[in-house]
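This report refers to the structure that appears directly beneath it.
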Amino acid sequence: MELQDVSLAFGGLQAVEQVSLRVPTAAVKAVIGPNGAGKTTLFHLVSGFLAPQQGRVIFQGEEIQGLPAHLIARRGIARTFQLVQLFNHLTVLENVMVGRHRLSRAGLLAGALQLPRTRSEERDIRASAMEALEFVGLASRADQSAAVLPLGLKRLLEIARALAMAPTLLLLDEPASGLDTVETERLKEMILALKEQGLTTLLVEHDMGLTMEVADEIAVLNYGRLIADGPPRAIQKNPEVIAAYLGTDWQA
């Protein structure tokens with residue numbers, strides 16, 4: 001995935017200004033920066049929740065800027081959200097099955113008639129959803145209401161739902177927010193395991209310890225501008241990044 005001179009302004013506020021960056025295949029690319037730097041807006045531009053006013057978003061060799069979110073999801077881009085977005089009236093398992101239905105081929109009529117093919121497909125969706133829950137450690141809570149989960153587990157559930165979509169690019173927006181130490185370590189292991197499986201991940205995260213451990217490359221935004229892009233060791237020594245975000249007291 002690649003961004004080329006992407007810009008978006010809200011009135012007089014330049015949220016993203018001529019940002020260009022590349023997300024390598026089967027790697028973890030992190031985007032960091034202070035609050036209001038434009039990180040989540042960048043995610044919205046990639047996933048189709050917003051359209052850039054300038055520039056191109058290229059995924060697997062094709063331009064996708066301006067496409068609606070559901071069509072971008074069908075192309076293989078899945079995401080989580082800074083503010084958790086779940087279906088609280090559904091169970092944990094049903095939330096993940098919603099994500100897997102992106103791959104469903106049965107139409108509305110076939111579903112209403114409960115044809116054998118539809119029932120078989122539903123079983124496959126359920127099995128795949130359970131696999132995603134196993135991966136994030138929530139299989140034992142499959143029948144619980146999503147509403148009763150603590151925040152940290154809700155974030156893991158969002159990740160499971162995104163993985164159920166079988167994406168080629170996963171966008172994680174502050175996934176460690178609300179997680180305790182044990183859950184954060186599990187998150188780190190999951191991100192690294194997904195990279196080993198060949199999944200490409202774009203990560204926004206304020207936990208710098210986690211970010212430095214999992215990221216192959218880090219892009220830094222400040223006031224909507226890209227001020228640095230490179231390997232973690234170079235980023236943590238960059239004077240402009242230290243001044244804008246990390247601070248002189250930060251240690252790897």
Side-chain angles (χ1 to χ4, degrees), residues 1-10 15-16 18-29 31 38-87 90 94-112 117-118 121-122 124-126 128-129 131-132 146 155 157-175 194-195 197-204 219 221 224:
M1 198 273 293
E2 185 176 2
L3 304 180
Q4 295 180 352
D5 295 322
V6 170
S7 296
L8 178 66
F10 301 107
V16 175
Q18 293 187 313
V19 171
S20 296
L21 59 84
R22 180 177 173 272
V23 184
T25 301
V28 178
K29 179 92 170 198
V31 180
K39 305 182 296 297
T40 293
T41 300
L42 201 68
F43 266 29
H44 288 340
L45 294 173
V46 172
S47 57
F49 285 78
L50 293 172
Q53 294 160 333
Q54 175 185 321
R56 303 194 299 167
V57 180
I58 301 171
F59 180 60
Q60 296 181 329
E62 297 183 356
E63 294 187 27
I64 62 171
Q65 71 275 1
L67 290 179
H70 70 281
L71 292 184
I72 290 178
R74 286 181 184 175
R75 288 173 179 247
I77 297 179
R79 68 169 295 181
T80 66
F81 295 84
Q82 185 179 20
L83 299 176
V84 176
Q85 303 288 324
L86 295 175
F87 299 102
L90 300 180
E94 288 167 343
N95 265 274
V96 182
M97 290 177 67
V98 167
R100 190 67 183 181
H101 272 287
R102 177 185 80 83
L103 304 175
S104 174
R105 295 185 177 182
L108 181 61
L109 180 59
R117 173 184 166 186
T118 304
E121 189 172 73
E122 191 74 10
D124 291 342
I125 289 172
R126 180 177 292 269
S128 297
E131 287 180 12
R155 291 202 179 278
L157 177 54
E158 261 204 329
I159 294 173
R161 184 178 61 191
L163 292 176
M165 296 173 62
T168 52
L169 174 61
L170 177 64
L171 312 181
L172 297 177
D173 197 349
E174 297 191 26
L194 292 169
K195 181 171 70 170
Q197 295 171 19
L199 182 62
T200 305
T201 301
L202 186 60
L203 169 71
V204 166
L221 295 180

Flag side-chain contact, heavy atom, 4.5 Å: [X] against [Y]:
{"X": "V16", "Y": "P52", "answer": "no"}
{"X": "Q65", "Y": "L45", "answer": "no"}
{"X": "T201", "Y": "K195", "answer": "no"}
{"X": "L21", "Y": "L42", "answer": "yes"}

Salt bridge (Lys or Arg N to Asp or Glu O under 4.0 Å) partners of residues 39-58, not counting sequence neighbours, each pair once: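 Every pair satisfying salt bridge (Lys or Arg N to Asp or Glu O under 4.0 Å) with a residue in residues 39-58: R56-E63.
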Ring-plane angle category for H44 and F49, please: parallel below 30°, perpendicular beyond 60°, tilted otherwise.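 Because their plane-to-plane angle lies in the 30° to 60° range, the rings of H44 and F49 count as tilted.
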Identify the heavy atoms of [X] and [Y] that sit nearest to each other, and give their distance.
{"X": "R155", "Y": "F81", "answer": "NH1-O, 3.3 Å"}
{"X": "V19", "Y": "G224", "answer": "CG2-O, 3.4 Å"}
{"X": "A162", "Y": "P167", "answer": "O-CD, 3.4 Å"}
{"X": "F10", "Y": "L50", "answer": "CZ-CD1, 3.8 Å"}
{"X": "R22", "Y": "K29", "answer": "O-NZ, 3.0 Å"}

What residues, two or more places apart in sequence or in another chain, satisfy side chain to side chain contact (heavy atoms under 4.5 Å, CB included) together with [X]?
{"X": "L90", "result": "F87, E94, N95, V98"}
{"X": "A129", "result": "L93, V96, M97"}
{"X": "L67", "result": "I64, I72, R75"}

Would V46 and L3 count as a side-chain contact (heavy atoms from CB on, under 4.5 Å) if you check the C-alpha gap in whole Å, the side-chain angles of each, and the deciding distance to 0.1 Å? CA-CA 8 Å; V46 172; L3 304 180; 3.9 Å; yes
[X] [atom1] to [Y] [atom2] distance, which is reported to the nearest 0.5 Å:
{"X": "Q85", "Y": "R161", "atom1": "CD", "atom2": "CZ", "value": "8.0 Å"}
{"X": "M165", "Y": "L163", "atom1": "CE", "atom2": "CG", "value": "10.5 Å"}
{"X": "I77", "Y": "L169", "atom1": "CD1", "atom2": "CG", "value": "5.0 Å"}
{"X": "D5", "Y": "Q18", "atom1": "CG", "atom2": "CD", "value": "5.5 Å"}

Examine the side chains of D173 and T80 and answer whether a donor and an acceptor come within less than 3.5 Å of each other.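 Short answer, no.
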Pairing residues for T200 by the side chain to side chain donor-acceptor pair (under 3.5 Å) criterion, not counting sequence neighbours: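 Side chain to side chain donor-acceptor pair (under 3.5 Å) check on T200 returns nothing, list empty.
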Residues in side chain to side chain donor-acceptor pair (under 3.5 Å) with T25, at least two apart?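 Result, side chain to side chain donor-acceptor pair (under 3.5 Å) vs T25: none returned.
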Just do the side-chain contact (heavy atoms from CB on, under 4.5 Å) check on E158 and L86 with the steps written out, would you? CA-CA 7 Å; E158 261 204 329; L86 295 175; 3.7 Å; yes
